[in-house]
Every structure is written in C-alpha cells, then in structure tokens.
Amino acid sequence: MRPVEDLVNTAEDAWPELLAELSDSPAPVRVLPVDEPSGRRCLYRMQVTSRSRLGAMALHAGGLVVDHGWLRLYGGGDAASGLPSLAEVNGFDGSPRYAPASFAVGHDVIGGRYEVNGPVPPPGRPGAPGEVCYFAPDTLAWEPLEMPYGVFLSWLAAGATEQFYDGLRWPGWQDEVAALRLDQGLTVYPFLCTAEARRDLAATSRAPAPIAQVVSFTASLAAQLGEIPDGGSFAVRITD
C-alpha cells in the first residue's frame, strides 16, 4: 500500500482539466464538496494517484450530480447529501487487496449502475478490462460503453445523457428528479423492462425510494427474469 503522499500528484493533477470540461457541459453538472481529510482517505483506499481522473475525483470532489440529479457519480464522498465515496461503495478499507473484478463508479435514479471492469471482469460481463459498463434497468443486462473511465467522464460532460437515456424519460422528469435527495431513486411501475412501460412511459407510476432499495430490486428482477426471452410473459407478486 503506497502512502497517500505518494498518490497526491500536484504537478500533474487531472482535476483542473476535468473541472474545465464539467464547467462547459451542456447538461447541468454539480460538483459536491469534499473536505481534504476525506478526499485523501478515499485516495489512499483506492490506491490510485490524482494524476488519473479516478484519483482526481476521489481527492477533489465529493461526487458529481449530473443532469438535475438523474446521474450521480462517486468521488471522495459527501456525508451531507448521503452520497458515498468510491472507497465506501466498493468496500475498500485501506487494507492490502487484489484488483477487483469490477468496481462501481456511479448510478442513476432508475436503478442503473455504472462499473469499471477490473483486469479480469466478472464472468459474462461484456467489455474489455478497464472499460465502463452500464447495467440497464430496461434490458436487465450489462451493456459495454467501450470507453475507459476518463473518457466516460468526458462523454458525460459533452452532454451524452440526453441521447443515452432517450426513451427512458417522461415529460417533467427534470422537476421530479431534482426533488429527490441523493440517497433516493425512483421506483417505476410497470417495470421499465416491460412492454407496458415502453408503450407509455408517462403513464407509469413513480415514487421516491432509497436508492439502495431501487438498485437492489432491479438486480433482483434481473436474477429472476434473466431466462425469460424478449417478448415473454411473467407474473409479478408484490408482498410487504
């Protein structure tokens, strides 16, 4: 484990260039604050340098709130908003470890997840090592974005969310999402993976819920419905 002093690269820090891109984004991007001890602690636990954009996010930002809060990216953590740090969400505690199969870098309000593939990605996971993948709640499958994390941030800063989420947003979503806390997401019924939701997304029923619950439920749906072919039928039983 390298000491944090060796990871803070003041001469070639990636943050100024990244911040400039985020500031020019056509989509609203809010940089959450991070106090210095928390940023340095996250950087140490991640064991990356601030010369990388991943390290710069850990050291300089509590996280990013993109497009009215539709997308949240992890950084050094922001306790006030409830957004966890990169280290916390991935269980990095500062002890020696092997490179993970993948690690989380963000989520959206409808239960989608962004992860970076490790040197040996999880079985069945698409994409090359080091590339970002997205778990889509409308297909219940991982989709490769075919770009590393640094390029992924540039892609978002360029306003990619508008096209990427085309067909998954309804009239007035901006106000609905902006009213959520960062530890909340939205449940959608009928589920986004169903023909009913695709036919008329505006008519779906939506409600705030803890984001951990939204993500967990989407993952559970994928596990239960993964063998059903596209266009197949299924019954849903909801219990307390």
Side-chain angles (χ1 to χ4, degrees), residues 27-34 38 42 45-46 54 57-58 61-92 100 102-116 122 132-143 145 149 152-153 156 160-161 164-165 167-170 172-194 197 201 204-225 236 238-240:
V29 178
R30 178 161 55 101
V31 179
L32 298 175
V34 64
S38 295
C42 183
R45 291 177 177 177
M46 294 294 294
L54 184 65
M57 282 286 293
L64 300 181
V65 181
V66 182
D67 218 355
H68 307 280
W70 183 275
L71 174 61
R72 298 86 176 261
L73 298 184
Y74 312 126
D78 180 37
S81 71
L83 192 69
S85 72
L86 283 159
E88 291 168 335
V89 78
N90 288 292
F92 298 160
S102 67
F103 60 92
V105 293
H107 65 260
D108 58 39
V109 295
I110 52 175
R113 315 194 304 274
Y114 292 88
E115 292 188 3
V116 176
V132 181
C133 289
Y134 174 66
F135 180 81
D138 59 326
T139 64
L140 301 178
W142 286 98
E143 302 174 356
L145 299 188
Y149 178 75
F152 167 67
L153 292 181
L156 291 176
T161 51
F164 187 72
Y165 286 107
L168 287 174
R169 290 169 165 176
W170 51 91
W173 66 267
Q174 296 93 333
D175 292 338
E176 203 170 323
V177 169
L180 299 172
R181 302 193 310 267
L182 296 187
D183 60 354
Q184 291 180 312
L186 287 172
T187 60
V188 181
Y189 188 83
F191 309 134
L192 290 168
C193 61
T194 64
L201 189 58
T204 57
S205 174
R206 301 173 298 276
I211 188 61
Q213 178 180 315
V214 176
V215 168
S216 175
F217 181 72
T218 305
S220 177
L221 269 184
Q224 296 178 58
L225 306 181
V236 175
I238 299 177
T239 60
D240 293 334

Any side-chain heavy-atom pair of Pro190 and Thr204 under 4.5 Å:
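Side chain of Pro190 against side chain of Thr204, heavy atoms only: contact under 4.5 Å found.
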
Does the side chain of Val214 reach to within under 4.5 Å of the side chain of Ile110, using non-hydrogen atoms?
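The answer is no, as the side chains (C-beta and beyond) never meet within the 4.5 Å cut-off.
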
Could you tell me which non-hydrogen atom of [X] sits nearest to which non-hydrogen atom of [Y], and how far apart they are?
X	Y	answer
Ala219	Arg113	CB-NH1, 3.9 Å
Leu192	Val188	CD2-CG1, 3.9 Å
Ala209	Thr187	CB-CG2, 3.7 Å
Phe92	Arg45	O-CD, 3.3 Å
Leu32	Ser81	CD1-OG, 3.8 Å
Val34	Ser38	CG2-CB, 3.9 Å

Ser205 side-chain N/O to Tyr189 backbone N/O, donor-acceptor pair under 3.5 Å
no

Side-chain donor/acceptor of Gln213 to backbone N/O of Pro210, under 3.5 Å:
no

Residue list, ring-ring contact (aromatic ring centres under 6.0 Å, His included) with Tyr134, at least two apart or on another chain
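For Tyr134 the ring-ring contact (aromatic ring centres under 6.0 Å, His included) partners, ignoring immediate neighbours, are Tyr114, Phe164.
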
Got a sec, which residues hit ring-ring contact (aromatic ring centres under 6.0 Å, His included) with Trp142, two or more places apart in sequence or on another chain?
Phe135

Could you measure the distance from the CG atom of Leu180 to the CG atom of Asp175? Nearest 0.5 Å is fine.
11.0 Å

Can you measure from CG (Leu201) to CH2 (Trp173) and round to the nearest 0.5 angstrom?
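Taking CG in Leu201 and CH2 in Trp173, the distance rounds to 12.0 Å.
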
With sequence neighbours left out, write down each residue that passes side chain to side chain contact (heavy atoms under 4.5 Å, CB included) with [X], or none if nothing qualifies.
X	result
Val116	Phe103, Val105, Val132, Tyr149
Leu73	Met57, Leu64, Leu71, Phe152, Leu153, Leu156
Glu88	Pro84, Ser85
Ala179	none

Indicate whether the side chain of Asn90 and that of Tyr74 have a donor and an acceptor atom separated by less than 3.5 Å.
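Judged by distance alone, the side chains do not pair up.
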
Results of side-chain hydrogen bond (donor to acceptor under 3.5 Å, both in side chains) for [X] - residues two or more places apart only:
X	value
Thr139	Glu143
Arg30	none
Ser220	Gln224

Please list all pairs passing the salt bridge (Lys or Arg N to Asp or Glu O under 4.0 Å) test where one or both residues lie in residues 67-80, with sequence neighbours left out.
Asp67-Arg169

Contacts satisfying salt bridge (Lys or Arg N to Asp or Glu O under 4.0 Å) that involve residues 204-216 (not counting sequence neighbours) are Glu176-Arg206

Would you call the rings of Trp70 and Tyr165 parallel, tilted or perpendicular if under 30° counts as parallel and over 60° as perpendicular?
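Answer is perpendicular, since the angle exceeds 60°.
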
